[in-house]
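Keep in mind that what you see is a predicted model, and the values were worked out from it rather than measured.
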Amino acid sequence: MTPQKSDFLRILTERGFIHQGSDMAGIDDLAAKGNLIAYVGYDCTAPSLHVGSLISIMMMHWLQSTGNKPIALMGGGTTRVGDPSGKDESRAIRSIAEIEANKEGIKSVFAKVLQFGSGKSDAIMVDNAEWLAPLNYIEFLRDVGRHFSVNRMLTMDSARMRLEREQELSFIEFNYMLLQSYDYVELNRRYACNLQMGGSDQWGNIVTGIDLGRRMGTPQLYALTCPLLTTASGAKMGKTASGAIWLNEEQLSAYEYWQFWRNTEDADVGRFLRLFTTLPMAEIAKLAALQGAEINDAKKVLATEATALVHSREKAVAASLTAQKTFEQGAFAVDLPTIEIPRADIENELGALSAFVTAGLVKSNSDARRQVQGAALRVNDQPVTDEKAKLRRSDIGPDGVIKLSLGKKKHVLLRPV
RNA sequence: GGACAGGUGCCCGAGCGGUUAAAGGGGACGGACUGUAAAUCCGUUGGCUUUGCCUACGUUGGUUCAAAUCCAACCCUGUCCA
């Protein structure tokens with residue numbers, strides 16, 4: 001690739017954000033002048049985004065910090081339809097009330113990473129329900145639908161995959177592409193948006209939007225995609241049995257979020273530092289060069305920086321101190337995730353098994369029983385060996401809490417109130 | 001609308017009247033080893049008031065001492081035909 005004139009593309013390239021772009025030279029020109037107005041769309045399928053979305057949020061962050069304008073598009077309208085891209089199964093259709101509630105939850109994370117306002121490079125947030133919900137079917141078919149070739153849509157990955165695997169693709173999902181394409185055109189008309197960014201699975205939808213734009217008379221539009229994140233060992237990022245790695249604190253505490261990054265595989269440390277922190281490249285290079293046990297220092301920096309970005313610097317530092325006390329000194333940290341329980345439960349000798357369920361460390365009493373067999377449960381660092389064990393007042397430590405642990409890494413404090 | 005094939009646990013997939021909470025694999029969780037890493041090995045992987053009970057193989061009924069397995073209707077998916 002030719003050297004980029006713009007800080008935007010230079011930073012994205014050296015940090016590993018770029019998977020594919022429609023016309024790099026064109027994007028570079030606009031970016032160099034600070035004339036990029038780029039949007040990323042987010043589904044409102046859950047009350048919070050998870051780390052899978054973070055990479056595109058970071059793209060918007062860099063876009064803004066290099067003088068261009070980001071648009072965070074809430075899929076309040078498109079979520080009512082469901083994107084088949086990269087999914088081998090139909091999504092459940094969600095109720096409109098649920099989508100609206102999710103939208104409110106998702107909004108909060110953007111305010112932490114982007115600067116909103118009315119200035120030239122201030123971020124804005126819009127909801128595509130604004131123009132999609134009032135659409136008239138006949139008008140939409142005549143104005144927009146006529147520009148689409150079903151023949152070509154069937155060759156797009158999202159549709160082809162379903163067809164090849166003999167899985168059904170409903171008409172409503174098939175239409176998702178039309179709506180996303182129309183979003184792009186509408187955002188161009190309303191906000192002069194000229195770039196759409198997203199994961200590499202969005203490529204088909206994005207270029208279809210560019211194509212629609214040309215047919216409907218917009219100026220040249222551009223596409224830029226980032227790689228879909230997997231860990232070095234190939235697992236999808238941010239999905240574990242205990243749940244996705246959510247960005248909102250209501251869904252996942254800052255401490256647990258910090259822990260997620262702290263447990264990064266060695267091979268991923270450099271890549272993640274580049275993608276998920278704003279540290280200077282020189283410093284990242286130094287950290288990524290650490291070998292053996294020393295790489296743990298790099299992981300701590302990664303965890304703290306990444307947590308500071310979506311939570312806050314204070315919470316990130318607090319999480320790192322908690323972790324230090326808990327893991328390195330084996331000491332008791334009062335700021336581990338804490339669950340309050342009625343004091344009466346302890347007076348009545350709460351069963352240890354159900355206490356672990358209440359704490360959210362295991363999903364059922366049966367699960368707790370199995371973990372006891374596996375010697376995984378501990379109360380105040382003492383292994384639970386008896387399934388019938390009870391929590392008593394004497395288990396409450398000097399800090400007024402009982403520490404419950406699952407395995408070596410997961411700890412929760414119970415605070416009787 | 002017709003013919004055929006199919007719908008099994010988080011996912012893939014075997015079973016095709018009883019010994020099946022359901023082989024095998026993947027994923028996940030726990031243990032050992034380490035560096036709160038990876039790889040490897042071991043264990044676990046429906047629920048409960050747990051030596052027992054309850055719920056589960058698309059849905060609802062039926063046959064049988066006994067059904068994921070047989071029958072009927074319905075729902076859904078795929079392929080071909082109209």
Side-chain angles (χ1 to χ4, degrees), chain A residues 84 86-90 92-93 159-173 230-245 255-273 287-288 290-304 306-307 319-331 333 336-337 348-354 356-357 359-378 381 383-390 404-412:
Chain A
K87 315 232 166 31
D88 48 15
E89 233 168 83
S90 304
I93 303 270
R160 208 184 59 213
M161 203 176 73
R162 290 277 187 87
L163 295 173
E164 277 172 2
R165 298 178 64 174
E166 301 189 344
Q167 275 152 342
E168 80 119 24
L169 173 66
S170 71
F171 184 66
I172 183 172
E173 292 173 291
T230 54
T231 65
S233 37
K236 263 185 220 152
M237 260 197 74
K239 295 275 188 186
T240 70
S242 44
I245 303 301
Y255 170 76
E256 289 167 284
Y257 189 76
W258 192 93
Q259 282 296 320
F260 166 76
W261 292 106
R262 172 65 245 261
N263 285 308
T264 297
E265 291 177 33
D266 287 7
D268 288 324
V269 171
R271 192 161 57 107
F272 287 1
L273 279 167
L287 289 168
L290 294 174
Q291 290 298 317
E294 290 197 324
I295 202 164
N296 281 324
D297 293 332
K299 290 184 191 179
K300 288 177 206 163
V301 174
L302 169 63
T304 301
T307 306
S320 102
L321 288 176
T322 303
Q324 196 183 351
K325 276 188 231 164
T326 310
F327 288 96
E328 292 175 26
Q329 298 161 14
L336 284 167
N348 297 330
E349 305 202 327
L350 177 67
L353 297 187
S354 49
F356 277 93
V357 176
L361 288 168
V362 294
K363 61 180 198 288
S364 65
N365 279 8
S366 298
D367 191 15
R369 250 178 263 271
R370 280 182 225 114
Q371 297 296 15
V372 169
Q373 303 297 320
L377 300 187
R378 276 166 294 135
D381 296 319
V384 178
T385 49
D386 179 7
E387 294 179 0
K388 293 194 171 69
K390 306 276 191 201
L404 302 183
S405 312
L406 168 68
K408 281 178 298 199
K409 295 185 192 173
K410 291 173 192 149
H411 310 280
V412 169

Pairing residues for A:N263 by the side-chain hydrogen bond (donor to acceptor under 3.5 Å, both in side chains) criterion, not counting sequence neighbours: A:K409
side-chain contact (heavy atoms from CB on, under 4.5 Å) involving A:A376 - partner list, sequence neighbours excluded: A:Q371, A:L406
Given RNA chain B, 5'-ward residue of the pair A:N263 and A:S364, judged by closest heavy atom: A:N263
From A:N365, A:V372, A:V362, residue fulfilling side chain to side chain contact (heavy atoms under 4.5 Å, CB included) relative to A:F356: A:V362
Whole-Å P distance, B:rC16 and B:rG58: 16 Å
Candidate nucleotides B:rC29, B:rU36, B:rC48, ranked by approach to the side chain of A:K409 - the nearest: B:rU36
Partners passing side-chain contact (heavy atoms from CB on, under 4.5 Å) against A:E294 (at least two apart in sequence or in another chain): A:L290
Integer angstrom distance from the C1' of B:rG52 to that of B:rG6: 38 Å
Heavy-atom donor-acceptor pair, A:K410 side chain to A:L361 backbone, under 3.5 Å: no
Atom P, compared across B:rA3 and B:rA73: separation rounded to whole Å: 11 Å
Rounded distance in Å between the P positions of B:rU55 and B:rA66: 16 Å
With A:R370 via salt bridge (Lys or Arg N to Asp or Glu O under 4.0 Å) - residues at least two apart: A:D367
Sugar-phosphate, base or nothing in reach of A:L377, heavy atoms under 4.0 Å: nothing
Donor-acceptor pair (no angle test) under 3.5 Å: A:K363 side chain, B:rU45 base: no
Rounded distance (Å) that lies between atom C1' of B:rU36 and atom NZ of A:K300: 10 Å
Paired and unpaired positions of RNA chain B as dot-bracket, Watson-Crick or G-U wobble under 3.5 Å, | denoting a partner strand: ((((((((.[[[..)..(.....]]]((((((.......))))))(((...)))...[[[[[..)....]]]]]))))))).
Side chain of A:K408 - closest among B:rG30, B:rG35, B:rG31: B:rG31
Closest heavy-atom pair and its distance - A:A288, A:G270: CB-CA, 3.8 Å
Point-to-point distance, once rounded to the nearest 0.5 Å, from CG of A:D266 to CD of A:Q291: 8.5 Å
With A:V301 via side-chain contact (heavy atoms from CB on, under 4.5 Å) - residues at least two apart: A:L279, A:L287, A:E305
Rounded P spacing from B:rG25 to B:rG35 in Å: 31 Å
Sugar-phosphate only, base, or nothing, as touched by A:R370 at under 4.0 Å among non-hydrogen atoms: sugar-phosphate
Separation of atom CD in A:Q371 from atom P in B:rG46, rounded to whole Å: 12 Å
Distance, rounded to the nearest Å, where A:Y257 contributes OH and B:rU36 contributes P: 22 Å
Salt bridge (Lys or Arg N to Asp or Glu O under 4.0 Å) against A:E349, all qualifying residues, sequence neighbours excluded: A:R392
Pairwise P distance for B:rC71 and B:rG17, with rounding to whole Å: 11 Å
Nearest-angstrom distance from the residue atom CZ of A:F356 to C1' of B:rG30: 13 Å
Sugar-phosphate only, base, or nothing, as touched by A:T264 at under 4.0 Å among non-hydrogen atoms: sugar-phosphate
Shortest side-chain distance from A:K410, nucleotide among B:rG47, B:rG30, B:rA32: B:rG30
Interatomic distance where CD belongs to A:Q329 and P belongs to B:rU36 [whole Å]: 13 Å
A:E265 CD to B:rG35 P, straight-line distance once rounded to whole Å: 18 Å
Integer angstrom distance from the P of B:rG9 to that of B:rC54: 23 Å
Pairing residues for A:A303 by the side-chain contact (heavy atoms from CB on, under 4.5 Å) criterion, not counting sequence neighbours: A:W258, A:W261, A:R262
Atom C1', compared across B:rA22 and B:rA68: separation rounded to whole Å: 8 Å
Find every protein N or O atom lying less than 3.5 Å from an N or O atom of nucleotides 50-53 of chain B, and list the pairs.
residue: B:rU50; atom: N3; partner: A:R369; partner atom: NE; Å: 3.4
residue: B:rU50; atom: O4; partner: A:S366; partner atom: OG; Å: 3.2
residue: B:rU50; atom: O4; partner: A:R369; partner atom: NE; Å: 2.4

Nearest-Å distance for atom pair CZ/P, residues A:F260 and B:rA37: 14 Å
Sugar-phosphate, base or nothing in reach of A:Q259, heavy atoms under 4.0 Å: base
Between C1' of B:rG31 and CZ of A:R378, the distance in whole Å: 11 Å
Upstream residue (5' side of RNA chain B) when A:S320 and A:A375 are each assigned their closest nucleotide: A:A375
